[in-house]
Amino acid sequence: MLDIREIGRDPEGFRHRLARRGAVPGLDELIELDARRRALIQQGDALRHAKSEAEKGMRTADKQGAEFAAFRDQMRTVAADIKRVAEEQKATEAQLDELALVLPNVPDAAVPDGTSEADNAVRRVWGERPTFDFEPKAHWAIGEALGGLDFAAGAKITGARFTVYRGALARLERALASYMLDLHTGRHGYTEVLTPFLVNADSMRGTGQFPKFRDDAFETTDGLVLVPTAEVSLTNLHRDEILEAEALPIRYAGWTACFRREAGGYGRDTRGLIRQHQFQKVELVHLVAPDASEQALEALTGHAEAVLQGLGLHYRVVDLCAGDLGFGAARTFDLEVWLPGQDAFREISSCSNCRDFQARRAAIRYRAPDQKKPQLVHTLNGSGLAVGRTVVAILENYQRADGSVVVPEALRPYMGGLEIIA
RNA sequence: GGAGAGGUGGCCGAGCGGUCGAAGGCGCUUGACUCGAAAUCAAGUGUGGGUUCGCCCACCGUGGGUUCGAAUCCCACCCUCUCCGCCA
């Protein structure tokens, strides 16, 4: 959520910066509603003040006397007025929320202009494309041939876009998650956190998925939501909290399954593991002081990159343009891994600085040493990495002519020493 | 799932219809005392909102209700604890 007061101070500036994302939002109604809200608060406060004055009079008045009766009648009207104004205020705030909660974050000044993926700026490239003396296959063909990826079984027991892993490939998923967590906790200073895979609607609102992207989520009949990413559970861990300055920065690494309905995503990546309703991911979350978030995004991106480097996978870092930025992000670096089977770079990690956008929604604050009032923290998140897509990358990059797949060295200790999946 | 107890400020804990944003204690901050520290004494110490920057208003798990008036009474929900049942 954006600061409405800030918007009111500079509507044109906000309109301009938000327009970089594509849609031009109507901010006038928002500003008008906020003004009305404030007027109603003043009205209500004045009425409540009158009420407490009358109440003071009643305390001392003779309960049988005429004075008491007069006060009581006065209180009756004031109470009715209070109720009326409060209802109006509630309705106004509901309207205000409806608008404010669906406004996306403002892109950082450094974000490149553009309207689509095609306008993203490649910042750096690591490693080189592997060469093959045969035609490299797509991961689904490799996995199926190895008997390790069973798409038909997934479709049977659950439905489309669910996959069953078997044998060495099932273990590969598990090995990757362990490898990633060990790297981040052992070398990058993260605390490992294992969270529930179900969260409540407040958490979804806190990180920005609700209300705008409600259709993308799987919801249970108990009113809980399957997490689309551990970003939700990890960031909301500190919802409605005031942190001590010494507690920052906070760095969490969490593994979860992630669930996405991919509503509207049908037709894209229908084959293979790229776009599933359920996948595993190791997520990295930072909570930092505002002046530290830019640096933290660089660090977080580096931590995600370290996984790809450790696995020897060729990738590039892309600075998302304004039009391609996610809802809550002010700046995002995507990591795109090279997939020989598709002859393309594909996203395997997305690292974002949300600044105070999520913190304002989720009320995550800290006691800044030089400030009287608690200040909003900045939140960041990034995949470190999407595990399923990492399996894809390994299958396609480490495949051999005979259909076997070499296990990257870093993973072998997690695979019981296995060197070749055949 | 059943029975019972309970949710109050950073923590503990009073409060049982008006004088309660809320006693008391702990913690923390500042000052006094001291060479310094401890002890002691004194003062301060929640969050959010509005503001004509004097102040004003709201918040006692959440949401409703009763009442002139609710932390206090009623209803629903959420959460915690104890016991029973079921279960990986």
Side-chain angles (χ1 to χ4, degrees), chain A residues 1-9 30-97 100-101 174 194-206 210-211 219-225 233 236-248 250 256-257 356 358-377:
Chain A
M1 197 158 65
L2 301 174
D3 186 345
I4 296 171
R5 228 185 303 199
E6 285 286 326
I7 295 175
R9 243 174 254 144
L30 194 80
I31 294 165
E32 195 190 302
L33 280 168
D34 188 49
R36 198 194 306 168
R37 181 184 68 93
R38 235 176 296 205
L40 287 166
I41 287 171
Q42 281 183 52
Q43 251 182 69
D45 280 359
L47 285 166
R48 271 184 290 271
H49 183 57
K51 179 186 136 187
S52 76
E53 289 301 313
E55 208 179 322
K56 269 179 209 158
M58 292 185 79
R59 276 178 215 146
T60 48
D62 171 15
K63 286 201 165 46
Q64 313 307 325
E67 197 194 9
F68 187 88
F71 272 128
R72 194 186 52 211
D73 292 345
Q74 192 188 332
M75 287 274 275
R76 276 210 177 100
T77 32
V78 171
D81 286 345
I82 287 173
K83 199 169 175 180
R84 181 178 48 74
V85 172
E87 270 161 20
E88 208 178 320
Q89 186 187 331
K90 206 171 156 184
T92 305
E93 280 172 351
Q95 278 178 273
L96 192 61
D97 272 355
L101 286 172
R174 180 162 54 93
L194 180 61
T195 58
F197 293 2
L198 288 162
V199 294
N200 55 35
D202 285 343
S203 294
M204 290 292 277
R205 190 177 320 104
F210 280 11
E219 299 190 56
T220 74
T221 51
D222 298 297
L224 296 175
V225 187
S233 35
N236 278 284
L237 242 23
H238 294 289
R239 172 154 48 83
D240 296 319
E241 285 187 9
I242 299 170
L243 301 158
E244 295 303 328
E246 305 79 60
L248 302 179
I250 289 172
T256 64
D356 63 10
Q358 293 181 326
R360 184 172 293 107
R361 287 175 165 250
I364 309 172
R365 293 162 295 168
Y366 81 110
R367 293 194 192 282
D370 51 342
Q371 297 281 332
K372 200 172 166 223
K373 295 256 179 190
Q375 303 293 308
L376 294 169
V377 303

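Note on naming: letters A, B, ... go to the chains in the order of the sequence lines (proteins, then strands), and numbering restarts at 1 for each one. The shown structure was predicted, so the numbers you read here are calculated from the model rather than taken from an experiment.
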In whole Å, what is the span from the [atom1] atom of [X] to the [atom2] atom of [N]?
{"X": "A:Ile242", "N": "B:C28", "atom1": "CD1", "atom2": "C1'", "answer": "15 Å"}
{"X": "A:Glu93", "N": "B:G63", "atom1": "CD", "atom2": "C1'", "answer": "15 Å"}
{"X": "A:Leu243", "N": "B:U47", "atom1": "CG", "atom2": "P", "answer": "14 Å"}
{"X": "A:Gln89", "N": "B:G48", "atom1": "CD", "atom2": "P", "answer": "18 Å"}

Check against salt bridge (charged side-chain N to carboxylate O under 4.0 Å, His left out), A:Glu87 and A:Arg84 | CA-CA 5 Å; A:Glu87 270 161 20; A:Arg84 181 178 48 74; over 6 Å; no
Separation of the [atom1] atoms in [N] and [M], to the nearest angstrom:
{"N": "B:G50", "M": "B:C68", "atom1": "C1'", "value": "26 Å"}
{"N": "B:U80", "M": "B:C28", "atom1": "C1'", "value": "28 Å"}
{"N": "B:U30", "M": "B:A39", "atom1": "P", "value": "15 Å"}
{"N": "B:G6", "M": "B:U45", "atom1": "C1'", "value": "29 Å"}
{"N": "B:G18", "M": "B:U67", "atom1": "C1'", "value": "12 Å"}
{"N": "B:G17", "M": "B:U66", "atom1": "C1'", "value": "12 Å"}
{"N": "B:A22", "M": "B:U47", "atom1": "C1'", "value": "15 Å"}
{"N": "B:U8", "M": "B:G15", "atom1": "P", "value": "15 Å"}

Choose from [options] the nucleotide whose nearest atom is closest to any side-chain atom of [X].
{"X": "A:Lys51", "options": "B:A70, B:U47, B:U51", "result": "B:A70"}
{"X": "A:Glu55", "options": "B:G18, B:C68, B:U47", "result": "B:G18"}
{"X": "A:Lys373", "options": "B:G48, B:C57, B:G50", "result": "B:G48"}
{"X": "A:Arg48", "options": "B:G69, B:A58, B:C56", "result": "B:A58"}
{"X": "A:Asp45", "options": "B:G69, B:G49, B:G65", "result": "B:G49"}
{"X": "A:Arg37", "options": "B:C68, B:G63, B:G50", "result": "B:G50"}
{"X": "A:Lys83", "options": "B:G65, B:G69, B:G63", "result": "B:G65"}

For the side chain of A:Arg205 and the backbone of A:Arg361, is there at least one donor-acceptor N/O pair under 3.5 Å apart?
-> no
Short side-chain to backbone donor-acceptor contact, A:Gln375 and A:Lys373, under 3.5 Å | yes
For [N], the Watson-Crick or wobble counterpart (both distances under 3.5 Å):
{"N": "B:A58", "answer": "B:U47"}
{"N": "B:A3", "answer": "B:U82"}
{"N": "B:C87", "answer": "none"}
{"N": "B:A39", "answer": "none"}
{"N": "B:G18", "answer": "B:C68"}
{"N": "B:G24", "answer": "B:C12"}

Syn or anti conformation of B:G48, syn meaning chi within 90° of 0 = anti
Could you give the distance from CD (A:Gln95) to CG (A:Leu33), rounded to the nearest 0.5 Å?
-> 5.0 Å
Looking at A:Gln42, does any N or O in its side chain come under 4.0 Å of the phosphate oxygens OP1/OP2 on B:U51?
-> yes
Establish, with yes or no, whether the OP1 or OP2 oxygen of B:C57 is under 4.0 angstrom from a side-chain nitrogen or oxygen of A:His49.
-> yes
Heavy-atom check, side chain of A:Asp73 versus side chain of A:Thr77, under 4.5 Å = no
Could you check A:Pro374 against A:Gly44 and say which one's nearest nucleotide on RNA chain B is further toward the 5' end?
-> A:Pro374
Identify, between A:Phe71 and A:Arg5, the residue whose nearest nucleotide on RNA chain B lies closer to the 5' end.
-> A:Arg5
Heavy-atom nearest pair, A:Val377 first then A:Arg365, reads CG1-C, 3.9 Å
